Amino acid sequence: MIPDAVLNRTHNCGQLRESDIGAEVRLCGWVRSYRDHGGVIFVDLRDRYGITQVVFDTPEEGDQAGQDSYELADSLRNEWVISIAGVVRHRGEDRINPKLDTGQIEVVSTELTVLNQSDSVPFEPDSFTSVAEETRLKYRYIDLRRPEMTRAMTLRHEITSAMRSVLDGEGFVEIETPFLTRSTPEGARDFLVPSRMNQADFYALPQSPQLFKQILMVGGLDRYYQVVRCFRDEDLRADRQPEFTQLDLEMSFVTQRDVMNVTNSVLRKVCQVAGKDFPEEVPVITHDEAMDKYGIDRPDIRFEMFLHDVSGIAGATDFKVFTAAIESGGIVKTLCVPGGAKFTRKEIDVYTAFVADYGAKGLAWSKLEDGAFAGGVAKFLSPEVQQQLRDATGANDGDILFFAAAGADDVNRVLAPLRVRVAEDLGLCDSETCAWCWITEFPLVSYNEQEKRWDSLHHPFTMPAVEDIEQLMSDPGAAKSLAYDIVCNGTEMGGGSIRIHDRHIQEKVFEILGIGPQEATEKFGFLLDALRFGAPPHGGLALGLDRIVMEMVSAPSLRDVIAFPKTQRGTCPLTGAPGEVDDKQLAELDLKIIVPHKN
RNA sequence: GGGACCGUAGCUCAAUUUGGUUAGAGCACCGGACUGUCGAUCCGGAGGUUGCGGGUUCGAAUCCCGUCGGUCUCGCCA
């Protein structure tokens, strides 16, 4: 039985300063390290607030309590949990540790209680050694003691707290929506949950609360938000987990600009909390412009280095790669890298291999030196063409041009990542900078060549930005939508749209997408019904909380800002999930496993 | 579904390129010394199915095949 008194902390381990000298204090925490000098023992005591040095001096003759305490201190080991009482004293000028916030002082222990011992830990929760991620996840409770993880978890809390406070101040209401819902036909693969009470039926975990939040608007709730878990059963990446968290919000009687303004307010506060700058005016870039200048709809605008469409110039050369691409309806774009003429052949080969991952057959290039193009494809570039290229790209001596020639989508798919890769290599991607931008005027739909049909670019409930519905029906590919994404440093941090609140327009959009009346009724009938009963104009947006926190702490992986994330194969080394279940459980669900287990 | 890299002591790594004696080091752990350290130091000790299985070879951590796991990535992710 632990006495109550030893649990009654007066301070935490990051708190004590010079002004506390002389105070009698009690601290609890973990032994981060112990330094036994024979006659004096130092213990660094750690909790999530910081580290305080505790000293055990040689006990006075006849001081039995001091003797016991000293002997106990002698037995302490890393990660034991202890409570100490003692007096704060100055360390002495030559003993101050500038690495610690509490480095001016130390606590002289008068009493020590071991609250719990610890086995020798698999790894030390400090910042010095890197540990394999699988090991970190298996022993996450130890990993979470590392200052970086503590910082990520607490900042994450502060960020969600800031989000809530801004939205609360704007009159939003946080409302929970179901996790057990129904599968929807489009989008990502659903996680399914069998229904015991409805044989052969399944719930699906929500990919997002999209339909529910629209229905909340029909319900007159006017301004909704939710910090909510979303589930998508797709392959994982460093920035993609099967379950992730969104700040989801929806508003009635608003324009696109209103939603963007509220989002800016939220992000401004988030950045303030995280110690990052947020611009007065967030740049707004149209989708067309983004694709043209950056080749991607989530441009990294920390640096310029634009792409240039040089189809007209390149088509007039004798270089077959260029002319063939143009003749088959493709384009030629170039990336002008200032100072890139210094790249060696070997470095260019690395970039060639890099773009091969994105499906490029090769990477044409030419350097600009002493007023003329040299190397690579220079021999195909007449003096006239060279001048035109310089005019089009603004290239100067010392630059290099990289070219890609193919269909427009393929060209952009290759050059956009190359642009970022080159910028990283040139040191243009400062991880402390947050360069936010909005992307607007997305196309409503894109043509899916494989399936021979139109797909929503955003989702099927996005309002078309067209006056004439007939025009929409006759040329869906030309239609823009009232959709918008918020981007930071080349990462999509969130997106949303003004929704369709008119049932007739919704039916037309389903028609374009090839969702027949029967399927629409079956899958979304409840939303279509709701739209018949006084749905207000509404729109909203969702922010990826995990990605925002990841950017705010410059973490390389989403796993570093999630307390208990999954590995790339979707497993949890801590719990062993996913795992087998009992035959009894399967029987209750009327399920039968027909494939033998891998093990 | 495809590509790349990785797997050696509890942890982080070396030895793999060029197959060759007993697989080494730091940290952690165990024992000892030390009255001012602070990622303490010093002395000593213990600790190994080189992920797993098979093959080549006189001989495999090293070469080959398979497999499991991890990371990155293309596809995928409205």
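All heavy atoms count here, side chains included; hydrogens, waters and symmetry mates do not. Each chain gets a letter, A, B and so on, in the order its sequence line appears, and its residues count up from 1. Because the structure is a prediction, the values reported are computed rather than measured.
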Looking at Phe510(A) and Phe524(A), what are the two nearest heavy atoms and their distance?
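Looking at all heavy atoms of both residues, the shortest contact is CZ-CD1, 3.4 Å.
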Compare the aromatic ring of Phe128(A) with the six-membered base ring of G39(B) and state whether they stack according to the 5.5 Å and 30° rule.
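Yes, Phe128(A) stacks on the base of G39(B).
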Would Phe42(A) count as stacking on U37(B) if stacking means ring centres less than 5.5 angstrom apart and planes tilted under 30 degrees?
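Phe42(A) ring centre within cut-off of U37(B) base, planes near parallel; stacks.
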Suppose you measure atom [atom1] in [N] against the same atom in [M]; what distance do you get, rounded to whole Å?
| N | M | atom1 | value |
| --- | --- | --- | --- |
| A25(B) | A46(B) | P | 12 Å |
| U8(B) | U12(B) | P | 8 Å |
| U37(B) | G20(B) | C1' | 47 Å |
| U67(B) | C77(B) | P | 28 Å |
| G54(B) | A9(B) | C1' | 26 Å |

Is [X] close enough to [N] that one of its side-chain N or O atoms is under 4.0 Å from OP1 or OP2 there?
| X | N | answer |
| --- | --- | --- |
| Arg35(A) | A40(B) | yes |
| Ser33(A) | A40(B) | yes |
| Lys99(A) | C38(B) | no |
| Tyr34(A) | C29(B) | yes |
| Arg46(A) | C38(B) | no |
| Ser120(A) | C30(B) | no |
| Thr567(A) | G70(B) | yes |
| Arg569(A) | G70(B) | yes |

Could you check whether Asp455(A) pairs with Arg453(A) (Lys NZ or Arg NE/NH1/NH2 to Asp/Glu carboxylate O, under 4.0 Å)?
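Salt bridge present between Asp455(A) and Arg453(A).
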Charged N-O contact under 4.0 Å between Lys480(A) and Glu441(A)
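So Lys480(A) does not pair with Glu441(A) through a salt bridge.
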Quick one about Glu522(A) and Gln518(A) (side-chain donor to acceptor, distance below 3.5 Å, no hydrogens or angles considered), yes or no?
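Not at all, the side chains of Gln518(A) and Glu522(A) share no donor-acceptor pair under 3.5 Å.
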Just by distance, no angles: are the side chains of Asp63(A) and Gln67(A) close enough, under 3.5 Å, to form a donor-acceptor pair?
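Note: Asp63(A) and Gln67(A) side chains miss the donor-acceptor criterion.
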For [X], which contact category applies under a 4.0 Å heavy-atom criterion: base, sugar-phosphate, or nothing?
| X | value |
| --- | --- |
| Arg77(A) | sugar-phosphate |
| Ser208(A) | base |
| Thr462(A) | nothing |
| Arg136(A) | nothing |
| Arg91(A) | base |
| Arg298(A) | nothing |
| Asp44(A) | sugar-phosphate |
| Glu124(A) | sugar-phosphate |
| Gln53(A) | base |

Applying a 3.5 Å limit to both distances, which nucleotide forms a Watson-Crick or G-U wobble pair with [N]?
| N | result |
| --- | --- |
| G59(B) | none |
| G75(B) | none |
| C27(B) | G10(B) |

With rounding to the nearest 0.5 angstrom, report the CZ to CE distance, Phe442(A) to Met291(A).
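Taking CZ in Phe442(A) and CE in Met291(A), the distance rounds to 9.5 Å.
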